[in-house]
Amino acid sequence: MVLDTQQLRKEQTSQASKIILQDEFPSLKLIGGADVGFEQQGTITRAVIVVLSWPQLELVEYQIARIPTQLPYIPGLLSFREVPGLMAAWEKIQHKPELVLVDGQGIAHPRRFGVACHFGLQANVATIGVAKSRLCGDAAELDDSPESVQPLMAGKNQLGWVLRSKKRCKPLYVSPGYKVGFSSSLSWVKQCLKGYRLPEPTRFADGIASNRTFFKRMNEKIS
DNA sequence: GCGACAG
DNA sequence: ATCTTGTCGC
């Protein structure tokens, strides 16, 4: 496969200027989660979108799309690997949520265009990036207590938040994706926490995408 | 030049 | 990301 990483980076820089950050938000009825897993030595991409009711956070619908993996994993270019599958799953969704939590960074990205931004812009839906580890930026040390939070900074500019979502767990890296601001992105993620490290939409999507036993059983029951 | 690097 | 045994703490 041919891939021009220079060109892809350039594309991110230009797309990043289209990102809108807004803290006003219409009332929510459905909230989504998005994640990607792999099959057969990574040759097959399995993308998952889940839809939960708000504020009950009960599973309403989920869709899985399987497509051939198009790109290898390259730090900073993750979205080009994951968005095609996510779009395929998104198109199958019957109950479209107004907001989606995406596994990975939002604007906390070298060119301010992580997978949450890329997916949100392409699907035209509000998104928040919820990453399990850091890509870029710096933050002050966190407390041990849950709900401990610090701004994630790139020099003088804020990129997002570092949030301890659960005791004795590594923190989450939360950043605006598309059509969501800093304070609301943190607020939505906190409201989706139910005693696990990951917020419910991400946890469900992650469980299905990674074929975890619990979700595999649920899968078999529903289908 | 060197280290760091979402999934 | 993926595979994988035991171990620790609630």
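These numbers come from a predicted model, not from an experiment. Sequence lines set the chain letters: A, B, ... in the order given, protein chains first and strands last, and positions in each chain run from 1. Keep in mind that the numbers below use all heavy atoms, side chains included, and drop hydrogens, waters and symmetry copies.
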Separation of B:dC5 atom P from A:Gln12 atom CD, nearest Å, is 18 Å
Distance test, side-chain N/O of A:Arg134 to OP1/OP2 of B:dC5, below 4.0 Å: yes
Whole-Å gap separating P (B:dA6) and CG (A:Leu152): 13 Å
Classify the nucleic acid contact of A:Leu77 as base, sugar-phosphate or nothing, counting any heavy atom under 4.0 Å across all strands shown. base
Side-chain (A:His95) to main-chain (A:Val60) donor-acceptor, under 3.5 angstrom: no
What does A:Glu82 touch in the nucleic acid at a heavy-atom separation under 4.0 angstrom: a base, only the sugar-phosphate, or nothing? sugar-phosphate
NZ/NE/NH1/NH2 to OD/OE distance under 4.0 Å, A:Arg46 and A:Glu39: yes
When A:Val36 and A:Arg168 are each assigned the nearest nucleotide of DNA chain C, the 5'-most assignment goes to A:Val36
Tell me whether the NZ or CZ atom of A:Arg203 lies within the 45° cone about the ring axis of A:Tyr196 and under 6.0 Å from its centre. yes
Separation of A:Arg81 atom CZ from C:dA1 atom C1', in whole Å? 7 Å
Starting at CZ of A:Arg9 and ending at P of B:dA6, how long is that distance when rounded to a whole Å? 13 Å
Do other residues, nucleotides or ligands put more than 12 heavy atoms under 6.0 Å from A:Lys92 NZ? yes
Check the distance between B:dA6's C1' and A:Leu101's CG and give it to me in whole angstrom. 16 Å
Give a yes/no answer on whether the side chain of A:Ser79 brings an N or O atom under 4.0 Å of OP1 or OP2 in B:dA6. no
Take the protein atom NZ of A:Lys132 and the nucleotide atom C1' of C:dA1, then report the distance between them rounded to whole Å. 9 Å
What is the nucleic acid contact for A:Gly42, judged by heavy atoms within less than 4.0 Å: base, sugar-phosphate only, or nothing? nothing
With a 4.0 Å cutoff (strictly under), does any side-chain N or O of A:Tyr173 reach OP1 or OP2 of B:dA6? no
Given atom CG of A:Asp206 and atom C1' of B:dA6, what is their separation to the nearest angstrom? 13 Å
Indicate, with a heavy-atom threshold strictly under 4.0 Å, whether A:Lys167 touches base, sugar-phosphate, or nothing. nothing
Using the ring of A:Trp90 (Phe, Tyr or Trp, six-membered ring only), decide whether A:Lys96 places NZ or CZ under 6.0 Å from its centre and within 45 degrees of its axis. yes
In whole angstrom, what separates A:Tyr73's OH from B:dC5's C1'? 6 Å
